[in-house]
Amino acid sequence: MNKANFVILAAGKGTRMRSAMPKVLHKLAGRSMLGHVVDAVDSLGKAKKIIVTGHGAEQVEAAFQNNTTQFVQQAEQLGTGHAVQQAEPTLDDDATVIVLYGDVPLIRAKTIEKILDVVSSTTMGLLTIHLDDPQGYGRIVRGSGGVIEAIVEQKDATSDELSITEVNTGVMSLKAEHLRAWLPKITNNNAQGEYYLTDLIAIARKHGVEIISINPESATEVEGVNNRVQLSQLERAHQKQLAEALMVSGTSLADPERFDQRGELIAGTDNFIDVNCVFVGKVSIGSGVTIGPNCHITDSVIGDGVQILPNTIIESSVVGDRAVIGPFARLRPGTELASDTKIGNFVETKKALVGKGSKINHLSYVGDAELGEEVNIGAGTITCNYDGVNKHKTSLADKVFIGSNSTLVAPINVDKGGFVAAGSTVTSKVPKDSLAVGRAKQRNIDGWKRPTKKGKED
Ligand code: UD1
Ligand code: CA
């Protein structure tokens, strides 16, 4: 691979987004548009990245603060050529420069690699595409023998040139030394009074450098975003590609149009995902998993044969094989379910280690807790983990049974086989195989007279 310097243009205002946030920070699939471009570049290995900022520069720079990114500011947006000029002093002499756009988010690493590899001292690369409707784009002018001679912007084009359907995507690559020599030759003598980066093509031809065109694998790679409608269309196109990749790898989707992946999703085979599920961050699911409708899963590991019933929320958790979760369950960060566990409806867990075969079936809160194997938690059980200042731990050994509507005031231990009677408030240790009854004893009052409504008595 040629030594690469990437210049990512992100100075534009994005007026049509109608937003206080700079356009390139708007999200697609849960990641900012500029973030997608940066990720594609980073996936190719270490390379210098220079982001040209302008509108909302502080916000953009704050979002990408790390030692592998450099910023240059373009105070006034005088055109794409002018934008690249701002980055010129930071370029390495021996590098190949690739220009990318922060508002063209889905460019693939493979395509970037291709356009990088065609550059030599006598060649430069240009990413072009044929569009049925080339409206608005710069047109690729080819001369005799199909040689690329120039790019003509829509507003400067003759009617003959307007009928050209091969367009400039904006992505180009060339030797830093060529860029340095040619940038000063760009003028703003055109319909828009801008310094067009695209003028480099005609200049390159004058110097006998050949322009090699590369095509993207799919049109979504080079689609830019100017407003929220286009952003949503690109989001759907991207989601469709992700959904198709998932299906091809062996997971069925009830409806690929109602699937959302906002991060990395790794899945085995023979899984079924129902409609309206959202996967965020790093999620891996095993094989033979079914996920009901309306589930939201973030940064979690799901084992084999797991059933996730509708409307379940899982965050930063680990779910063991054959667990059954939901409907309407919420696993909060630090939940680790061993295999064959059950978490039922309206159960919330947090920092809870749940041993093999244990069940929390209904209406419970289990937080800061460690449960052994085959523990049964009755409906409505609450671990009181917080005393208003500190968090405390609940430890339940193997085969513990907690009766319904119990309150476990932590710190607390229930030893192996311990049994808590329904409705108990338990505040101290329950020894092995013993029964804890922590509630007022029932008394029955004979001939109890019910209260009557005031004023009705006589
Ligand atoms: C540009 C190309 C056009 C191509 C099209 C593809 C030029 C002159 N034209 O046109 O051939 O078909 O992209 O989408 O290059 N930007 C800056 N500073 C500036 C101007 C622009 O950072 O001074 C950034 C914008 O934020 C944007 C990108 O450069 O990310 C492209 O600018 P834009 O004005 O949208 O160019 P187009 O007119 O679409
Ligand atoms: Ca544009």
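Note: hydrogens, waters and symmetry copies are ignored here, and every other heavy atom, side chains too, is used. When a ligand or atom number is given, it counts from 1 through the structure's own listing order. Each residue takes its place number in the sequence, starting with 1.
Remark: D274 does not engage R258 in a salt bridge, criterion side-chain N to carboxylate O under 4.0 Å. We find that K356 and D340 are joined by a salt bridge, their nearest charged nitrogen and carboxylate oxygen being less than 4.0 Å apart.
Atom CD of E76 is surrounded by 12 or fewer heavy atoms from other residues, nucleotides or ligands within 6.0 Å.
Note on ligand 1: V167 sits outside its first shell, no heavy atom being nearer than 4.0 Å. Contact analysis leaves G224 out of contact with ligand 1, as no non-hydrogen atom separation drops below 4.0 angstrom. Ligand 1 lies less than 4.0 angstrom from a heavy atom belonging to D103.
Those atoms of ligand 1 with a heavy atom of L9 less than 4.0 angstrom away are 22 (O), 24 (C), 29 (O), 30 (O). Ligand-side atoms of ligand 1 in range of G138: 3 (C), 4 (C), 11 (O), 12 (O), range being under 4.0 angstrom from any heavy atom. Within ligand 1, the atoms closer than 4.0 Å to a non-hydrogen atom of A83 are 17 (C), 18 (N), 22 (O), numbered from 1 in the order shown. Ligand 1 places these atoms under 4.0 Å from at least one heavy atom of Q77: 18 (N), 19 (C), 23 (O). The atoms of ligand 1 that sit less than 4.0 Å from any heavy atom of Y196 are 8 (C).
Between the side chains of E235 and Q239, at least one donor-acceptor pair of N or O atoms lies under 3.5 Å.
Under 4.0 angstrom from ligand 1, the non-hydrogen atoms of T169 all belong to its backbone. Here L78 has backbone heavy atoms under 4.0 Å from ligand 1, and that is the only part of it that gets that close. Looking at Y101 against ligand 1, only its side chain comes within 4.0 Å, counting heavy atoms. Of the heavy atoms in E194, none comes closer than 4.0 Å to ligand 1. Counting heavy atoms under 4.0 Å from ligand 1, residue A11 touches it through both backbone and side chain.
In this comparison of E153, Q192, H82, the heavy atom closest to atom 9 (N) of ligand 1 sits on E153. The residue among N168, V104, V225, V99 with a heavy atom at the shortest distance from atom 4 (C) of ligand 1 is N168. Ranked by closest heavy atom to atom 32 (O) of ligand 1, the top entry among I186, V52, T80, I151 is T80.
Below 3.5 Å of separation, one finds an N or O of G79 facing an N or O of ligand 1. The distance criterion of under 3.5 Å between nitrogen or oxygen atoms is not met by Y137 with respect to ligand 1.
For the atom pair T349 OG1 and L337 CG, the distance stands at 6.0 Å (nearest 0.5 Å). Atoms CD1 and CG, from I203 and L183 in turn, are 8.0 Å apart once rounded to the nearest 0.5 Å. D132 contributes atom CG, which lies 8.0 Å from atom OG1 of T165 (distance to the nearest 0.5 angstrom).
Cation-pi geometry between K391 and Y386 is satisfied (NZ or CZ under 6.0 Å from the ring centre, within 45° of the ring normal).
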Candidate pair H296 and V280, rule side-chain contact (heavy atoms from CB on, under 4.5 Å), full reasoning: CA-CA 8 Å; H296 194 279; V280 181; 3.7 Å; yes
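Here the shortest heavy-atom pairing between S316 and S300 reads N-OG, 3.2 Å.
Ring geometry for H36 against H238 counts as perpendicular: the plane angle is over 60°, on a 0 to 90° scale with 30° as the lower cut.
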